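As structure tokens, the structure follows; a few thoughts come after it.
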Amino acid sequence: MLLQGKRILIVCHTVQQTSQRLIRASICNAFRSFHSSTKKEYDINARLKAMELAKPLSLSLRGNPFNFTKFTDVQEQVFALLPQISSGNTILEDGKGRDLLCKARTGTGKTVAFLVPAVQARINAFNQLTHGQVTEPFRRYLEKNALLYLLERGGKTAVSELQRLFSRHCAGVLVISPTRELAMQIASEARKLVLNDKKLRVHELVGGISSKRQYMYWKNNTPDIVVATPGRLLDMLDEQSIRDAIGRTQTLVLDEADMLLELGFRDKIQMIASMLPPVEERMSFMFSATMDPHIMGIAKTSLHHQHRVIDCIPPGEDDVHVRIPQYITTIPDQTRVLPFLLQLLEHDQMLYGDKSKVIIFTSTTALTDAMHKMIKSIISTLPGQEKTNVLCLHGMLSQTVRSRVSQQFRACRSAPSILFTSDVSARGVDYPSVTRVIQLGVPCSKEMYVHRVGRTGRRGREGRADMLISPFESGFVTFQLHDIPLQSLSMEDHANSMNELVASNGAQATFDASAVQSAVEHARYHIRETMDMKHLLNTLFNSYVAMRQLLRVSRLQILHPVQNWIRAVFDLDEKPTLSPRMMGMIHSKNRGPQVHKSSKKPFPMRMKR
């Protein structure tokens with residue numbers, strides 16, 4: 001009996017020890033988990049502390065609105081230069097300059113990467129006035145206006161006046177962007193960055209918005225951050241107060257520098273740069289997705305000769321996301337263009353459901369409008385049916401409308417969405433989670449192809465690109481896109497993949513040929529009644545003529561296929577025609593210069609006596 005009691009006591013003691021060990025292990029695991037999460041938070045805090053940022057900027061990055069837990073590659077490489085890069089010194093401790101030439105793609109966080117050091121430099125320059133330290137452009141302003149005595153006097157009142165004059169008459173950051181959409185996106189990021197600083201102001205100097213309204217905002221607010229497109233900025237520089245403040249800019253940023261050159265802004269950039277302080281007296285950043293001799297030429301004139309080069313694109317990685325499948329379909333029978341486009345849209349909606357997000361690029365504003373109206377009239381034939389959002393964006397829309405459409409497409413998350421657009425959406429503008437890009441016809445250059453495809457598969461997500469071309473466009477693909485991993489896709493092969501997708505999902509295809517045909521006929525009738533087909537032909541023909549050397553075809557070899565394409569897609573009774581004058585010019589240019597023989601006899605030579 002005693003022995004049994006001892007055994008019971010031993011068992012109880014063992015159970016108690018085991019229970020205590022389990023409790024201790026649970027506590028240890030909880031402590032490790034807590035320590036691990038604290039360490040992660042400490043890492044970002046330590047990183048921000050090492051950057052020595054002003055408190056409002058640090059709050060915006062760590063908390064609302066950015067809530068960063070880690071920085072992207074381009075941000076890490078730029079932020080590694082903080083706090084020195086924002087100190088005001090032209091040459092840093094390692095003997096290299098503060099100016100940056102950075103190769104980075106859109107969608108990599110580069111906007112925040114260049115805004116943070118630039119805005120921090122503005123804050124530092126403002127705070128350094130308390131110690132009597134001023135930038136050289138501001139010193140010249142004080143000297144010109146007989147205000148140098150403020151520096152000599154010192155004291156709280158003098159410093160306060162210096163800070164007021166500096167904030168009002170010296171621009172802080174000038175960001176030059178190639179497009180309105182990109183400029184507005186940068187301005188939005190800037191406002192988020194300075195959300196916790198009530199003094200810093202952001203200006204947008206872009207077209208499509210009243211310049212008078214922009215000037216009134218300038219008069220009433222300090223020019224801390226100015227985001228501008230080249231054309232509107234040059235227009236606004238006619239105002240003396242704006243020209244003077246821009247002439248004392250602390251930091252110049254050329255964003256999407258390669259696109260600025262592609263759009264022909266080289267002369268305007270150089271003109272603007274000539275109005276700024278010399279490179280020794282300002283900080284300058286250039287961000288570009290590519291590095292070529294043209295970019296290096298602009299860098300030579302816009303950056304300090306000891307500038308740094310940061311490459312955030314891994315060596316050997318092509319500018320096109322090679323992991324994104326890219327398909328090309330040549331369609332000789334133009335009557336099949338619209339049905340095949342609908343099948344591609346159906347395919348995407350079957351794959352992604354309500355998360356389907358497709359951008360369709362066209363080459364002209366008129367074609368963008370026409371195809372938008374066509375597809376919007378027949379969305380009932382797609383899996384998403386009437387809840388599918390069909391939007392249109394091009395350069396002829398007002399800036400207010402363009403901004404609203406961009407925001408609508410960006411915000412689409414709970415229903416399929418389709419955006420018809422010209423190349424205003426090909427660069428810089430970040431639309432998250434685009435599942436597919438479709439190009440109706442070839443783009444104007446290989447670079448534009450790369451930028452269009454770059455709208456999908458961003459930040460490691462899935463994506464796909466399709467391009468639908470006519471036979472006369474094949475020369476562009478052969479000679480311009482020969483090193484792009486394009487896969488040929490026939491309409492038959494795509495139909496087979498659709499059947500396999502339906503079979504694997506156990507679903508039913510929604511592509512009802514008779515329903516589609518009925519809807520298409522109604523849509524075509526509406527477009528024929530409301531659109532000028534001659535105008536559509538003119539714009540589409542001229543866009544191809546401008547790139548005929550890349551296509552390696554003559555004007556007539558462009559005209560007839562384009563006429564047939566419009567007639568087939570919109571079911572016209574006759575081919576649309578150009579004006580007789582235009583046709584005469586085409587035939588004369590195709591014949592080439594002719595040598596007319598003179599009927600007159602040559603003058604007889606005078607005989608010497």
Side-chain angles (χ1 to χ4, degrees), residues 321 323-331 335-362 371-392 408-421 431-440 452-453 455-469 485-520 522-523 569:
H321 299 285
R323 63 182 181 79
I324 300 299
Q326 300 164 62
Y327 299 97
I328 180 168
T329 303
T330 304
I331 308 178
T335 60
R336 302 182 68 182
V337 170
L338 191 58
F340 186 64
L341 175 60
L342 287 170
Q343 287 179 25
L344 290 177
L345 294 172
E346 180 188 19
H347 183 249
D348 203 79
Q349 292 190 7
M350 288 175 65
L351 282 173
Y352 299 104
D354 288 344
K355 296 186 182 299
S356 172
K357 205 168 195 176
V358 180
I359 297 180
I360 301 178
F361 285 102
T362 68
M371 295 306 298
H372 166 251
K373 291 177 181 177
M374 177 77 77
I375 297 301
K376 192 168 186 178
S377 299
I378 53 180
I379 56 172
S380 59
T381 64
L382 296 172
Q385 298 183 343
E386 281 78 6
K387 69 177 181 179
T388 301
N389 297 294
V390 185
L391 305 169
C392 179
Q408 282 178 334
F409 186 66
R410 192 176 286 114
C412 284
R413 293 186 180 89
S414 58
S417 54
I418 303 167
L419 175 66
F420 282 90
T421 180
Y431 294 123
S433 307
V434 172
T435 53
R436 184 178 308 222
V437 164
I438 301 174
Q439 302 183 61
L440 289 181
R452 286 177 170 186
V453 172
R455 298 306 95 198
T456 185
R458 297 165 75 82
R459 299 185 178 91
R461 295 188 177 95
E462 292 183 2
R464 169 172 167 156
D466 288 274
M467 184 161 62
L468 283 55
I469 68 169
L486 279 166
Q487 304 175 58
S488 179
L489 175 67
S490 69
M491 288 182 281
E492 290 73 21
D493 288 341
H494 182 265
N496 292 334
S497 67
M498 286 279 289
N499 293 333
E500 292 172 4
L501 178 62
V502 170
S504 64
N505 290 344
Q508 292 184 351
T510 61
F511 194 80
D512 184 341
S514 60
V516 169
Q517 184 62 32
S518 175
V520 166
H522 175 75
V569 170

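Predicted, not measured: the structure shown is a model, and the values here were computed from it. Only heavy atoms go into these numbers, but all of them, side chains included; no hydrogens, no water, no symmetry mates. Position 1 is the first residue of the sequence; numbering continues from there.
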- prompt: Side chains of E462 and L351: closer than 4.5 Å at any heavy-atom pair?
  reply: no
- request: Determine, stepwise, if the pair L419 / Y431 fulfils side-chain contact (heavy atoms from CB on, under 4.5 Å).
  value: CA-CA 11 Å; L419 175 66; Y431 294 123; 4.0 Å; yes
- prompt: CG/L468 to CG/L440 distance, rounded to the nearest 0.5 angstrom?
  reply: 6.0 Å
- prompt: Between atom CD1 of I360 and atom CD of Q439, what is the distance when rounded to the nearest 0.5 Å?
  reply: 11.5 Å
- prompt: Does any non-hydrogen side-chain atom of V437 lie less than 4.5 Å from one of I324?
  reply: no
query: Does any non-hydrogen side-chain atom of Q326 lie less than 4.5 Å from one of V453?
result: yes
message: Is there a side-chain contact (heavy atoms from CB on, under 4.5 Å) between M350 and M498? Walk through the geometry before answering.
response: CA-CA 9 Å; M350 288 175 65; M498 286 279 289; 4.0 Å; yes
- prompt: With sequence neighbours left out, what residues match R464 under salt bridge (charged side-chain N to carboxylate O under 4.0 Å, His left out)?
  reply: D466
message: Just to verify, what does H494 make a ring pair (Phe, Tyr, Trp, His ring centres under 6.0 Å) with, not counting sequence neighbours?
response: F340, H347
- line: dist Q349:CD -> S417:OG (nearest 0.5 Å) comes out at 9.0 Å
query: Is the number of heavy atoms from other residues, nucleotides or ligands within 6.0 Å of NZ (K373) greater than 12?
result: yes
field: Side-chain (K357) to main-chain (T456) donor-acceptor, under 3.5 angstrom
entry: no
Sub-4.5 Å side-chain heavy-atom contact between D354 and P416: yes
Contact summary for E346 and L382, nearest pair of heavy atoms: N-CD2, 3.9 Å
task: Please identify each residue that fulfils ring pair (Phe, Tyr, Trp, His ring centres under 6.0 Å) with Y352, with sequence neighbours left out.
output: none
task: Compare every heavy atom of V358 with every heavy atom of S356, then report the nearest pair and how far apart it is.
output: OG-CG2, 3.9 Å
field: Residue pair L338, M371: steps toward the side-chain contact (heavy atoms from CB on, under 4.5 Å) verdict
entry: CA-CA 9 Å; L338 191 58; M371 295 306 298; 4.1 Å; yes
task: Could you please spell out the steps behind the side-chain contact (heavy atoms from CB on, under 4.5 Å) verdict for T388 and L345?
output: CA-CA 11 Å; T388 301; L345 294 172; over 6 Å; no
message: With rounding to the nearest 0.5 angstrom, report the OG to CG distance, S490 to N496.
response: 7.5 Å
Student check: side-chain heavy atoms of T421 and F361 closer than 4.5 Å: yes
Side chain to side chain, K355 and S433, heavy atoms closer than 4.5 Å: no
- prompt: Going from CD1 on I375 to CG on L391, what distance comes out if it is rounded to the nearest 0.5 angstrom?
  reply: 13.5 Å
- line: Nearest heavy-atom approach of I331 to M491 is CG2-CE, 4.0 Å
query: What distance separates Q487 CD from I328 CD1, expressed to the nearest 0.5 Å?
result: 11.5 Å
